[in-house]
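Here the structure comes first, spelled out in structure tokens, and everything after it is commentary.
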2 protein chains.
Amino acid sequence: MTVEQDPPAATRPGGRTARVREAVMRAAGDALAEHGFEGLDLADVARRADVGKTTVYRRWTNTTGLVADLLAHMAEESVSRSDTGSLREDLRTNARLVVRTLNDPRQGPLFKAVIAAATGDESAAEALHRFYAIRIAEWAGCVDAAIARGELPPGTDTHEVIRAVSAPLYYRVLCSGDPLDEAVADRAADAALAAALADAYAR
Amino acid sequence: MTVEQDPPAATRPGGRTARVREAVMRAAGDALAEHGFEGLDLADVARRADVGKTTVYRRWTNTTGLVADLLAHMAEESVSRSDTGSLREDLRTNARLVVRTLNDPRQGPLFKAVIAAATGDESAAEALHRFYAIRIAEWAGCVDAAIARGELPPGTDTHEVIRAVSAPLYYRVLCSGDPLDEAVADRAADAALAAALADAYAR
DNA sequence: GTCATAACGGGACTCCAGTTCCATTAGCTG
DNA sequence: CAGCTAATGGAACTGGAGTCCCGTTATGAC
């Protein structure tokens, strides 16, 4: 029996489709940064992207679907971590990068909007978790290197160290509303390092 | 001239108005816990509260206004902090309380929804920041007591210690999506304490 | 008790986000 | 380059969130 398995995709990801996605992703980022998630209007995104409203609704269904894809798109652009040879410096670099991102007039509101979207929609939440998993795994490499240098003992939860750096920064932005600057970033990095060292001693 | 200054309020906060607010607050909490912030419909809240739709729109204007008032209402119910005589134990108690709240099938989604609302609306954000300021100030008393007992040196940023306890828990819920349990709570509390001690040594 | 009016309730109305339908454009295959 | 059809674009349509109008209720002052 010659069943023709795996039909030739029947899809057409060629030039135009990709072009449309790029334009819509950029437009969605702009719109989110400007009006936040709740102010997101797919018709407005379509206008900005110079694309038919119908196309946006057909391919992304609704606002959370669009946000989920935007996150996947953002995750595709990998950021390289630093490697200064000192864990304290690497963590401070990471913390300052997060602060700069969250304070950035475009990126800050975008991240807030995306997090807001994730609180109400499972697929957006999954996309967000994947995004952070990638970032955390990337920077966890710094901690691995530190362990290799003997700055931290083996058995340290490397991902937890990186999470500990970002956590107080996001907490300020999302919950308490306290200001965010380089001093706060450095304190967050130092606190994460102190916690990791204390945890090592306790074992 | 006998100008009658300060006319008798011209407002009528009597029985009915207060009753309506209570009913709407409860209904809003239910609705947020069930459908999240983006699924919040004032007409639905009105129905649950057995109150006219017009009334809800007149008094709270829109969804973010309702959320802002709900937060004020939640802040009014003060929770008493613990006082075990040991800072580590107090911080762990706090961390476990936060975890239990965020994992609670009703409170968890409610907090997520409220945070989502705050990302897109200034007045909701202010209400949220006030809410956390009250909670943090309350629990900072534990750190004050610890300083008085000599567990920590004077000059410690007491609010920062409390923020450091909650931060990793909220980060997991809102960003990374990692699970939340008592072990994580204890680790967060211990990390906050370690960071505070390290910060004290550094000074 | 009586009165003035703050606050509420019901229902009609408006407006626009989201859907549907169909014509048009442009990837892919041969 | 010719043909098939995936994918897009325009425009009319629709449902329900939010508004408006006006009659009704009940609070507080006397």
Side-chain angles (χ1 to χ4, degrees), chain A residues 4 6-28 31-32 34-69 113 116-117 120-121 123-124, chain B residues 2 4-28 31-32 34-69 113 116-117 120-121 123-124:
Chain A
E4 197 57 36
D6 191 24
T11 186
R12 215 178 261 186
R16 184 164 63 165
T17 297
R19 216 154 47 234
V20 166
R21 180 171 183 237
E22 281 307 314
V24 170
M25 291 292 101
R26 177 169 29 255
L32 278 177
E34 279 181 35
H35 307 306
F37 175 64
E38 58 165 324
L40 185 61
D41 174 17
L42 295 208
D44 176 51
V45 171
R47 236 173 290 122
R48 288 168 186 260
D50 200 31
V51 154
K53 181 173 70 156
T54 316
T55 302
V56 176
Y57 278 105
R58 186 173 19 231
R59 284 185 56 179
W60 289 278
T61 314
N62 53 33
T63 52
T64 56
L66 182 58
V67 167
D69 195 29
D121 182 85
S123 66
Chain B
T2 40
E4 197 58 36
Q5 283 285 28
D6 192 23
T11 186
R12 214 178 263 183
R16 184 166 61 167
T17 299
R19 219 153 44 233
V20 165
R21 180 173 183 238
E22 281 308 313
V24 170
M25 290 293 100
R26 178 168 30 254
L32 278 177
E34 279 181 35
H35 307 305
F37 174 66
E38 57 165 325
L40 185 60
D41 173 17
L42 294 209
D44 175 51
V45 171
R47 235 174 291 122
R48 288 167 186 262
D50 199 29
V51 154
K53 181 174 71 156
T54 316
T55 301
V56 176
Y57 277 104
R58 187 171 22 230
R59 284 186 58 181
W60 290 278
T61 314
N62 52 35
T63 52
T64 56
L66 182 58
V67 167
D69 195 31
D121 181 85
S123 66

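The chains referred to below are lettered A, B, ... by the order of the sequence lines, with proteins before strands, and numbering in each begins at 1. As the structure is a computational prediction, the values presented were derived from the model and not from experiment. Heavy atoms only: backbone and side chains are in, while hydrogens, waters and symmetry mates are out.
With contacts defined as side-chain heavy-atom distances shorter than 4.5 Å, the pair W60(A)/V45(A) does not qualify.
Axis angle between the ends of the helix from dG1(C)-dC30(D) to dG30(C)-dC1(D), five pairs each and rounded to 10 degrees, works out to 50°.
In the interface, the side chain of T17(A) is not paired with the base of dG27(C) through any donor and acceptor atom under 3.5 Å apart. Between the side chain of R16(B) and the base of dT25(D) there is at least one donor-acceptor pair of N/O atoms closer than 3.5 Å. Evaluation of atom-type donor-acceptor distances gives no pair under 3.5 Å for the side chain of K53(B) against the base of dG10(C).
For the atom pair R47(B) CZ and D41(B) CG, the distance stands at 6.5 Å (nearest 0.5 Å). The distance from atom CZ of F37(B) to atom NE2 of H35(B), rounded to the nearest 0.5 Å, is 14.5 Å. The line from CD of E22(A) to CZ of R19(A) is 11.0 Å long, rounded to the nearest 0.5 Å. Taking CG from N62(A) and CG from L42(A), the interatomic distance works out to 7.5 Å, rounded to the nearest 0.5 Å. Atom OG1 in T55(A) sits 8.0 Å away from atom CZ in R16(A) (nearest 0.5 Å).
Between R21(A) and D69(A) there is a salt bridge, since at least one side-chain N of the basic residue sits less than 4.0 Å from a carboxylate O of the acidic one.
In this structure, R59(B) places its CZ atom 10 Å from P of dG9(C), rounding to the nearest Å. Between the NE2 atom of H35(B) and the P atom of dA17(D) there is a distance of 11 Å, given to the nearest Å. Atom CG in L66(A) sits about 15 Å away from atom P in dA17(C), given to the nearest Å. Distance, R19(B) CZ to dG9(C) P: 10 Å, rounded to whole Å. With rounding to whole Å, D44(B) atom CG is found 13 Å from dG16(D) atom P. Remark: C1' of dA7(D) and CZ of R21(A) are 16 Å apart, rounded to the nearest angstrom.
Nucleic acid contact for R58(A): base, since at least one base atom lies under 4.0 Å from a heavy atom of the residue.
The side chain of Y57(A) places no N or O atom within less than 4.0 Å of a non-bridging phosphate oxygen (OP1 or OP2) of dT19(C). For the OP1/OP2 pair of dA17(C) and a distance below 4.0 Å, the side-chain nitrogens and oxygens of R47(A) include no atom meeting the criterion.
Considering only side-chain atoms of T55(A), the nucleotide from dT8(D), dT20(C), dC8(C) that sits closest is dT8(D).
Residue D41(A) is the one, among D41(A) and T54(A), whose nearest nucleotide of DNA chain C lies closer to the 5' end (criterion: closest heavy atom).
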